[in-house]
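Following: one structure in C-alpha cells, then a few remarks.
Note on naming: letters A, B, ... go to the chains in the order of the sequence lines (proteins, then strands), and numbering restarts at 1 for each one.
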2 protein chains.
Amino acid sequence: MKSIGVIDIAREAGVSTATVSRVLNGSDRVSDRTRAHVLEVIERLGFSPNASASNLRRGRSDAIGIAVASISQPWYVKLIRELRRAVTARGMTTVVYDLEHSSRVLIEHTESARRLRLAGMILATGDRLDAANVNASLHRLAGSMPLVVIGQHLDDATWPTVYFDDVAASEAAADELLERRSRPMLFLGSSARSFLSDQRREGVRRALEARPNLLRDSTFIQLDGPMDFATGYDEVVSRADELRRYGLIFCVNDELALGALRALGELGLRVPEDLMVIGYGDVDMLPYLTPSLSSLSGDVNAIAGDALEAIMVGIAGEPVFDTRVHSRRIVHRESTEDRAARPPATAEGAARG
Amino acid sequence: MKSIGVIDIAREAGVSTATVSRVLNGSDRVSDRTRAHVLEVIERLGFSPNASASNLRRGRSDAIGIAVASISQPWYVKLIRELRRAVTARGMTTVVYDLEHSSRVLIEHTESARRLRLAGMILATGDRLDAANVNASLHRLAGSMPLVVIGQHLDDATWPTVYFDDVAASEAAADELLERRSRPMLFLGSSARSFLSDQRREGVRRALEARPNLLRDSTFIQLDGPMDFATGYDEVVSRADELRRYGLIFCVNDELALGALRALGELGLRVPEDLMVIGYGDVDMLPYLTPSLSSLSGDVNAIAGDALEAIMVGIAGEPVFDTRVHSRRIVHRESTEDRAARPPATAEGAARG
DNA sequence: CTGAAAGCGCTTACAG
DNA sequence: CTGAAAGCGCTTACAG
C-alpha cells in the first residue's frame, strides 16, 4: 500500500503542500481556519509525516541519542527515563542505546548515530573509553554532533563531562567504616575494563593508606568477567577460609554485594556482626534484602540535568562547560550497622531506606 | 560544518555517485579494484552515509522497533538483547522503546515508529492493550508495518501473537504447591491494568476451585499502583494479623515476592516453614536471596525466536502464523522447599539455581 | 562494470 | 496568510 503524503493531504484539503507543512510544524503563519481544516484532513486520512524526508530536508534529526553502559543496571534506567522526560518536554525525541558493556556494541551504536545525524548524543558509562578503537569512534562522533559523556573524564576529550567523584566517595565511605571497625578490608571488583571500579578502588586504598597495618592485611580483588550476582557469590565462597580476617567487604557495585551477602549467609558468617558489606549504586531493592544493604548513592537528576543542559547548549552551538563533578553520599542500612547483636527486625523500618 | 556526502566521495574517487552507492550497499556490480579504491576514500574522509536520505529513497528503514513494557524488568532486557543479536545478524538494526508501563508512552512511541517508517515492530507487554486509544494506535501501527505482539492475544488482532500460557502455568504451580501444603493462599497483585496478572490469578483460582474450603479462606489482592518491592512489602506488612491463616503467598512478579519476603522476615515469620513464597519471571537475582526465591520461569529465546520469525516473514510480505503459545516451568528454591526445619544453608547450592 | 538523471517526501526562501 | 518551485543526499532503472 502506498502511504499517504503531504501531497495527498494538500489535494484533499485544497491547499498547497507548503501550507500542510506549516500546519505540521506549528508555524503561526497559517490562518486558524486553514489550520483546523488541514488538521481535520490529516486526522481523517491517518497521515503520519515521513521522518526521513523531514530530517533530510532540515539537515538534522530532532532526536537525541542516550547510550548507557547497560540497561540491566537500574541506575542507568533511571537516567534514561529522566533524560527522556526532559527531552520530550523540550519537544525533541530520544533514541536509546544499550551498550551491553561491550566496546564492539558501543562502536556499532556510535556509527549508527552518525548515520542517523542525531541532534546530539549523551553517553553514560563507567567502562573504559580509552582503548584506541573506542576513542577513535568517540572523536568521530564528537566531530559529527554534540556529545556529552557521563561517568568519566578523558584527557583528550573535546566534549563536556559530568561525573561523580568516586575516589572521594569511596575514601570517605571507607574512612567512616574504618573508624567504626578498625579491621582489614576485602575489596571486590576492580577491573581493567572499568574506569569507575578503578576510581572506587583508589578511594578505598587512600583510606587504608592512613592505616598501614590494615592496608597490609587488606585484599583487592580484580575481576575480569562480569560483575554480577554470581561473581560476588563465587568470589566470597572461594575465600571462605580467609574471610574472618576482614571486617568489611567493599563492593564496586550492588550486584556483587548481593551475591556476597548470600555467600556469607551460607558460610554462617553474620552481617554486619562478623563482616560489614557495602555496595555501590543504591538500587531500589537494597532496603528489601535481609539484611538490608548499605550503598553509595548518586543523584540521577543532578547528573541528568547537567547532561541535558550541556547537550542543549551544544546543539544551540554555544560554548559548553568542560566538566561538572557531583558527590555521592553513603546510605547506611543494616549491612553496615554498628552493632554487636541484631536488634528486633521491625524496629528500624529499613524497608523505607 | 557541512558534512561529507556521496558526491564528495565520488569526486575524490573519480567515479559516479552511483558507483559509490553500489559500494556502500555491497552490490556485486562493481569491480574489486573500484570497490577497494572507493572504500579507501570513504575511510580516509570519514564518510558516514545519511540514513534519512537512504531510507527516504528506499522507501523503508532497515530498523525493527522493539517496544517492551519496562526496561527495569530483567526479562524484557534479556528479550531486547536476544532480539537485537538476531536482528543484527540479519544485517538489520533495532530501535528500543521503553513503555514505562504507560499507555501514554506507548502511544507516543507507536506514532514515532510510524513516522520513522520502521521495517516492523515487536511489542512485548503484559499491560492491557484493549483500552480504546491504545487499541486504535496499535491498529494504525499494524496498518503501517508488520507488527508482532508478545504477551497477550487480542480478539481483534490482525497481527501474530506469541505468549506464555500463564493460566496453565499458574494453575499447575498452585496445584503442585497445594498438594504439598493444603492451606489457603494469599495472591498478590492482580490489576485492572495488567493482562498478565489477570491470567495468573485465573490459573491460581482454578487450582483453588478444586479445593473449595481453601478457596473460601484465600485472598486475592488487587493492586492499582506499581507492582514493585515497596508494594510487596507494604501489602504484607499491612496484613500482619491475618498472615498465619495462609500457607503460601503467590505473587504476580518477582519484585512483589522480594518485598513480601522482607516483610515476612521483619514480622518474624519463617519462609518456607510458616509461609511459602513464589514469584513470577525468575529474574537472575532470585538464587542469591535469603531464602532463595522460587519462581515461574519462561524461556526468552523461544519467544524471541518466534517473534523474529514472524516479523521477518511479515516484512517479506508473506502470511504469518496467528498465535504461538509457550509454557513456563516452576523453579523451586528455598522459598517453596517442603521442610519443617531449615537444612544447613550450604547444602543446597541454591546460588546455582 | 559504470554513469547520467530522475525521484523519494518533505521544508523553506522567495514572491505575492 | 498562501503557493510555486528548488533542493536535502541518497538509490535505482535505464542505457551503454
Side-chain angles (χ1 to χ4, degrees), chain A residues 1-39 41-42 45-63 91 112 114-119 144-145, chain B residues 1-39 41-42 45-63 91 112 114-119 144-145:
Chain A
M1 70 223 135
K2 171 150 177 357
S3 91
I4 295 163
V6 281
I7 295 183
D8 305 288
I9 303 299
R11 186 185 310 116
E12 179 73 14
V15 298
S16 71
T17 59
T19 297
V20 174
S21 178
R22 288 189 188 102
V23 170
L24 286 172
N25 295 293
S27 161
D28 53 359
R29 303 165 65 95
V30 187
S31 74
D32 287 348
R33 201 169 161 288
T34 306
R35 179 193 314 284
H37 179 52
V38 170
L39 283 174
V41 173
I42 287 172
L45 301 193
F47 168 61
S48 169
N50 184 321
S52 291
S54 171
N55 289 341
L56 174 59
R57 179 53 230 247
R58 288 185 145 111
R60 60 194 160 71
S61 158
D62 69 342
S112 167
R114 289 185 70 213
R115 281 194 293 273
L116 290 174
R117 305 290 191 265
L118 295 182
S144 311
M145 66 186 68
Chain B
M1 69 223 137
K2 168 151 178 359
S3 91
I4 296 163
V6 280
I7 296 183
D8 305 287
I9 302 299
R11 185 186 310 116
E12 179 73 14
V15 298
S16 71
T17 60
T19 296
V20 175
S21 179
R22 288 187 188 106
V23 170
L24 286 173
N25 296 292
S27 161
D28 52 0
R29 300 166 67 94
V30 187
S31 74
D32 288 348
R33 203 169 159 288
T34 306
R35 177 191 316 282
H37 179 50
V38 171
L39 284 173
V41 173
I42 287 172
L45 301 193
F47 168 61
S48 169
N50 184 321
S52 292
S54 171
N55 289 340
L56 174 59
R57 179 54 229 248
R58 287 186 146 110
R60 60 195 160 68
S61 157
D62 70 342
S112 167
R114 289 185 71 213
R115 281 195 293 275
L116 289 174
R117 305 291 191 266
L118 295 183
S144 311
M145 66 186 69

With sugar-phosphate meaning primed atoms plus P, OP1 and OP2, does A/D32 contact a base, only sugar-phosphate, or nothing at under 4.0 Å between heavy atoms?
nothing
Taking Watson-Crick and G-U wobble pairs with both distances under 3.5 Å, convert DNA chain C into its dot-bracket string, 5' to 3', dots for unpaired and | for cross-strand pairs.
|||.||||||||.|||
Inter-nucleotide C1' distance (C/dG16, C/dT12), Å rounded
16 Å
side-chain contact (heavy atoms from CB on, under 4.5 Å) against A/A51, all qualifying residues, sequence neighbours excluded
A/N55, B/R115, B/L116
Roughly, in whole Å, what's the span from CG in A/L24 to P in C/dT12?
12 Å
How many whole angstroms separate atom CD1 of B/I42 from atom P of D/dC10?
10 Å
Partner residues of B/R60 under the salt bridge (charged side-chain N to carboxylate O under 4.0 Å, His left out) criterion, sequence neighbours left out
none
Just to confirm, is there a sub-4.0 Å distance from OP1 or OP2 of C/dC10 to any side-chain nitrogen or oxygen of A/S54?
no
Contact state string [nucleotides 2-8 of chain D, B base, S sugar-phosphate only, - no protein heavy atom under 4.0 Å]
BBB-BBB
Nearest non-hydrogen partners of B/A10 and B/S16, listed with the distance
CB-C, 3.7 Å
According to side-chain contact (heavy atoms from CB on, under 4.5 Å), who are the partners of A/T34, at least two apart in sequence or on a separate chain?
A/V15, A/T19, A/V30, A/S31, A/V38
Contacts of A/R58 that satisfy salt bridge (charged side-chain N to carboxylate O under 4.0 Å, His left out) - sequence neighbours left out:
none
Trace of the side-chain contact (heavy atoms from CB on, under 4.5 Å) decision for A/V6 with A/F47:
CA-CA 8 Å; A/V6 281; A/F47 168 61; 4.0 Å; yes
Can you list the residues that meet the side-chain contact (heavy atoms from CB on, under 4.5 Å) rule with B/I7, with sequence neighbours excluded?
B/R11, B/T17
To the nearest angstrom, the CG-C1' distance between A/N55 and C/dC10 comes to 10 Å
Euclidean distance, atom CZ of residue A/R60 to atom P of D/dG9 [Å, nearest integer]
14 Å
For atom CD1 of A/I9 and atom P of C/dT11, their distance in whole Å
12 Å
Residues in side-chain contact (heavy atoms from CB on, under 4.5 Å) with A/N50, at least two apart?
A/S52, A/A53, B/L56, B/R117
Would you mind listing every salt bridge (Lys or Arg N to Asp or Glu O under 4.0 Å) that reaches into residues 29-39 of chain A, with sequence neighbours excluded?
none
In whole angstrom, give the distance that lies between atom CG of B/D8 and atom P of D/dG9.
9 Å
